[in-house]
Chemist: 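Pasting in a structure now, in structure tokens, and then I'll have a few things to ask.
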Amino acid sequence: MFPADTYIKRRKRLIDDVKSGVILFLGNDESPMNYPANPYHFRQDSSFSYFFGLDLPGLAAVIDVDQARITVFGDDVTVEDIVWTGPLPTLRENCRKIGVENTAPSAQLENILKSAVRNNRKIHFLPPYRPENILKLQRLLGVQPDQAKSRASVPLIKAVVAQRSIKSAREVEQIETALEVSYLTHTYAFKNAKPGMYEWEIVGGMDDIVHSRGMTASFPIIFTIKGQTLHNHYHGNIMQAGNIAINDSGIESPLHYASDITRTIPIGGKFTDRQKEIYRIVLDCNTKAIDACKPGIEFRAVHALVARTVLAGLKDVGLVQGDLEEAFHAHAHTLFFPHGLGHMLGLDVHDMEDLGEDYVGYTDAIKRRPEFGWAYLRLAKALEPGHIVTIEPGIYFIPELIDRWHADKKCESFINYQKLLAYKDFGGIRIEDDVLVTEDGRRLLGQPIPKTIEDVQNLSS
Ligand SMILES: [Mn+2]
């Protein structure tokens with residue numbers, strides 16, 4: 001964990017920002033895979049981690065904002081527990097490391113909260129996403145499970161988002177630690193993905209690299225020759241020469257900060273001319289978007305820059321036609337680039353998605369657009385120094401989407417459907433990097449991972 005003063009300062013600012021009431025933080029519990037003693041790998045709630053740093057299941061914390069009193073609730077292991085768990089530090093010892101003096105057994109949490117409710121104190125909590133915590137809110141506060149998200153505290157959400165959005169030097173360092181391993185997994189995949197292999201052989205090799213450094217993946221690895229399916233977690237295809245494989249994978253640093261990198265691999269070592277044409281457009285989008293990142297620019301404008309670059313590039317290839325501005329306003333790019341350009345990165349890969357994406361990526365003045373494609377843009381607001389964002393343009397040929405648009409005659413004057421039919425077996429290309437917004441521009445985080453056609457082909461075999 002970070003030094004205690006990091007957590008003390010974060011909590012102090014939270015108290016200043018939330019101003020009054022009682023804040024309840026529920027940590028995560030062990031989550032059973034198929035029976036209680038066989039749990040998934042434990043992952044602490046990221047906001048709990050941010051303010052309390054303790055990487056243990058079964059904890060909760062209450063901040064009485066008016067009295068600036070902070071209590072962490074949890075239970076020490078008994079001798080019977082120690083038979084299974086081995087000796088563990090007490091809650092008091094753990095809390096000393098994060099600058100919290102007051103601890104109490106879990107059983108007291110209910111009484112403390114019920115007395116706060118009786119006294120008409122406002123109880124602030126974040127939107128829960130795990131069923132255990134949804135049920136706890138019902139037991140502790142009488143919040144019905146179907147209302148648990150909507151009754152979350154907007155002032156608390158906004159205060160947490162305000163702090164977690166701006167990364168400190170120590171947090172940047174964590175993401176760079178994750179990126180050191182991303183460099184290794186991505187270069188490994190370039191070098192080792194060969195015709196005749198199953199995708200899972202490369203996934204297994206990447207897992208080895210990550211686990212042998214004591215780390216874990218920050219999300220289930222996407223490694224697929226069917227990259228037109230955006231979140232394709234199937235790894236059972238046999239790779240053939242001439243395929244292109246999308247490798248979208250990330251690492252979780254020791255303190256749980258995420259990296260998120262995508263590269264596209266020519267299986268057999270060489271892109272075809274048709275693949276090169278599309279790859280160049282995506283790479284152009286990636287570098288233009290990175291160069292555009294700076295304080296004050298709205299991310300939706302960077303997304304629009306990429307959408308226009310996709311259209312112009314595809315016009316050169318002959319897949320798009322007509323006036324490019326009209327095509328852009330008709331959303332013709334969303335057939336090829338249906339997702340958002342990127343998202344914030346931090347303790348979560350989609351940072352703070354559990355708090356509500358609109359609180360993270362939008363403002364009262366900048367609202368999410370409802371149209372297909374635009375609706376998936378997770379981040380639209382102006383960038384600020386300390387933001388860490390992903391830049392992940394892509395071009396995809398999704399047969400089902402092409403067929404639907406074609407049948408509906410959608411954007412017919414802007415899309416050359418006759419030519420496009422020949423691309424239905426193309427797959428997809430995505431190139432993703434992680435970028436820190438600085439006072440005077442941006443910094444690409446981590447050791448650069450090859451992405452030009454030349455460098456990628458030199459590395460691939
Ligand atoms: Mn991403």
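Ligands are counted one by one from 1 in listed order, and the atoms in each one are counted from 1 as well. These values consider heavy atoms only, across backbone and side chains, with no hydrogens, waters or symmetry-generated copies.
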Chemist: Write the atom name of the N, O or S atom in D260 that is nearest the Mn ion (ligand 1).
Modeler: OD2
Chemist: Assess H343: does it contribute an N, O or S atom lying under 2.8 Å from the Mn ion (ligand 1)?
Modeler: yes
Chemist: Does either side chain, that of N237 or that of K226, offer a donor lying less than 3.5 Å from an acceptor on the other one?
Modeler: no
Chemist: Among the N, O or S atoms that E432 has, which is closest to the Mn ion (ligand 1)?
Modeler: OE2
Chemist: In E392, the N, O or S atom nearest to the Mn ion (ligand 1) is which?
Modeler: OE2
Chemist: To the nearest 0.5 Å, what is the distance between OH on Y396 and CG on L401?
Modeler: 13.0 Å
Chemist: If you count heavy atoms of other groups shown closer than 6.0 angstrom to OH of Y198, is the number above 12?
Modeler: no
Chemist: Taking the six-membered ring for Trp and the single ring otherwise, decide whether the centroids of H343 and Y376 are under 6.0 Å apart.
Modeler: no
